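Just below is one structure, and these are the notes that go with it.
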Amino acid sequence: MSQASATNLARLWGVVRDNKAYRRLFAANLVSQLGDWFSTVALFSLMLELTGRGESVALVLVCHLMPMFFAGPIAGVVADRFDRRFILVAADLSRALVVLGFLLIRKPEHAVIAYALVATRSVFTAFFEPAQQATFPNLVDAKDLVVASALENSVWATTLALGSALGGILMLYAGRPAIFVINAGTYLCSALLLRGLPDRVARAKVEEKTVRPPGWRSALGITDFLEGLRYLGENARVRALVLAKGGFGLTLGGVLVLLAFFGEKVFVEAGQMGIPMLWTARGIGSFVGPFIAWRLGGDSPPALRRGVTIAFGLVCLSYLLFARAPTLLLAAPVLMIANSGGSILWTYASSIQALIVPDALRGRVAAADMGWMTLTMASSDLLTGHLVDAGVPPRWLMAGCGLVAIVPITYWIMAQRHFRDPLLTTAQAQAQA
């Protein structure tokens, strides 16, 4: 192993070993997200079995995404105004109760229950995510932010790979009800871990004492919400990051619908393991992508921005190749590359965002980020699900999802003019001082 590789590994290990608070957040995400992927595989398979329609998977995804879009503005204000630790714990406990409701889904006419439960869980997730994204930068030093972001992404990727694979095995041998019970248990474990986060993450840091104007607009959080919108409108760099990341949702939403269809209907040689195998490939690619990019390109601001551009290109090309793959064994490696690109894109853009957004505004910016991403993904979900059921070949649709990525690539390249001033580097240097 080279000295540089050993140094990078030492930095990765050091962030986890030396930071108890970060370890708690890391472990909580590891546990709860593992359970999420168990239930995702089981729920997709269940809906296709009950309805026989690709549109049912699209509706599950839309029910997951749209509540986050509508609840996001409120959730962002709440994350910046109230105790973030309490929000995280309460959201996990609420999701544990909701997921047990999936045990009631046994007949085709029960599909509406699935949609309602997915939407309800999504509302609580809408409050969880901005609070977590706002909390995370307060747990690590600025010099370790990219490393920690890659580790956070590795949790998502690892649980995606393991959860999809183990979820498929559990579905075969234990049945879907056991999966939903396990998912509820993982939320409870996560809540216990997050309850022990230190006091410094509870509330947003504000440089000067904030005096909110009297009146109902301030009491309802409308003033805070409008303040967040003004910040996005005035800060071209943050706006570029939010819009580019959300633009990726135009590709990702349709792909998620199509992967379920490919796993069940196209790559029939894999049988019931088709969906878990594809989602496992997604997880492996998502895990390795940011670490390889970090090792090759470093974590300077210009390297992060270049990484986002290259990642968009990987996404576009890989989904075009996936559309032509004749078998699952050939499609899976291409899917790994596609998700490496998507993972690099999200990790690097989020790292830049964490460096330049003030803590007092992180919740609202994270909610705007989540809202735009969910809107683009939901639109892509619905259109793709409708076209699949209308008889459009899924391979054509997958190629179309890859080509759509050209739109955010073009926007991101044009937006680079906003990053030519030295402010980003200065902000990073001040944060590290």
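Worth saying up front: this structure is predicted, and the values here are computed from it rather than measured.
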Residues 396-411 vs side chain to side chain donor-acceptor pair (under 3.5 Å), sequence neighbours excluded, gives none
Less than 4.5 Å apart, any side-chain heavy atom of Tyr319 and any of Val404?
no
Has Lys245 got its NZ or CZ under 6.0 Å from the middle of the six-membered ring of Trp372, at an angle within 45 degrees of the ring axis?
no
Are any non-hydrogen side-chain atoms of Cys401 and Leu258 less than 4.5 angstrom apart?
yes
Nearest heavy-atom approach of Leu241 to Ala349 is CD2-O, 3.8 Å
Of all heavy-atom pairs linking Tyr348 and Gly307, the shortest is CD2-CA, 3.9 Å
side-chain contact (heavy atoms from CB on, under 4.5 Å), that's the test. Do Phe128 and Leu194 meet it? Break it down for me.
CA-CA 11 Å; Phe128 184 93; Leu194 293 171; 3.7 Å; yes
Return the minimal non-hydrogen interatomic distance between Val98 and Leu117, and the atom names on each side.
CG1-O, 3.5 Å
So, taking the atom named CZ in Phe26 and the one named CZ in Arg24, what distance separates them when rounded to the nearest 0.5 Å?
15.0 Å
Aromatic plane relationship, Phe248 with Phe312 - under 30° parallel, 30 to 60° tilted, over 60° perpendicular
perpendicular
Please report the C-alpha distance between Ile310 and Ile344 in whole Å, then the side-chain angles of each, then the deciding distance to 0.1 Å, and finally whether the side-chain contact (heavy atoms from CB on, under 4.5 Å) criterion is met.
CA-CA 9 Å; Ile310 294 169; Ile344 294 166; over 6 Å; no
CG of Leu345 to CG of Asn339: how many Å apart, nearest 0.5 Å?
11.5 Å
Any Cys316 side-chain heavy atom under 4.5 Å of Ile406 side chain
yes
Taking the side chain from Ser379 and the backbone from Leu375, do they hold a donor-acceptor pair closer than 3.5 Å?
yes
Step by step, work out the side-chain contact (heavy atoms from CB on, under 4.5 Å) result for Asp92 and Leu188.
CA-CA 7 Å; Asp92 267 343; Leu188 294 177; over 6 Å; no
Quick one: closest heavy-atom pair of Ile409 and Gly313, and the distance?
CD1-N, 3.9 Å
Considering non-hydrogen atoms only, spot the tightest contact between Ala399 and Ala323 and give its length.
N-CB, 3.7 Å
Provide the closest heavy-atom pair for Leu197 versus Arg85 in the form atom of the first, atom of the second, distance.
O-NH1, 2.6 Å
Side-chain donor or acceptor of Arg395 paired with backbone N/O of Ala325 under 3.5 Å:
yes
Under a 4.5 Å cut-off applied to non-hydrogen side-chain atoms, are Thr186 and Asn183 in contact?
yes
So do the side chains of Leu256 and Arg282 get within less than 4.5 Å of each other, counting heavy atoms only?
yes
Run the ring pair (Phe, Tyr, Trp, His ring centres under 6.0 Å) test against Phe127 and tell me which residues pass, sequence neighbours left out.
none
Using modelled atom types and a 3.5 Å cut-off, is there a donor and acceptor pairing between side-chain atoms of Ser351 and backbone atoms of Thr347?
yes
When you measure from the side chain of Ser340 to the backbone of Gly285, do you find a donor-acceptor pair of N or O atoms at a distance under 3.5 Å?
yes
Beyond-backbone contact of Arg324 with Val334, side-chain heavy atoms, under 4.5 angstrom:
no
Working to the nearest 0.5 angstrom, can you tell me the gap between Ile292 CD1 and Ser343 OG?
10.5 Å
From CZ (Arg121) to CG (Asp36), nearest 0.5 Å
5.5 Å
When rounded to the nearest 0.5 angstrom, what distance separates CG in Leu259 from CE in Met398?
4.5 Å
Rounded to the nearest 0.5 Å, what separates atom CZ in Arg237 from atom CZ in Arg305?
9.0 Å
Take Met373 and Leu252 through the side-chain contact (heavy atoms from CB on, under 4.5 Å) test and state the conclusion after the steps.
CA-CA 10 Å; Met373 183 73 169; Leu252 184 59; 4.0 Å; yes
So, do Pro301 and Ile352 sit near enough that their side-chain heavy atoms are less than 4.5 Å apart?
no
Below 4.5 Å, heavy atoms only, C-beta onward: do Leu321 and Ile337 meet side chain to side chain?
no
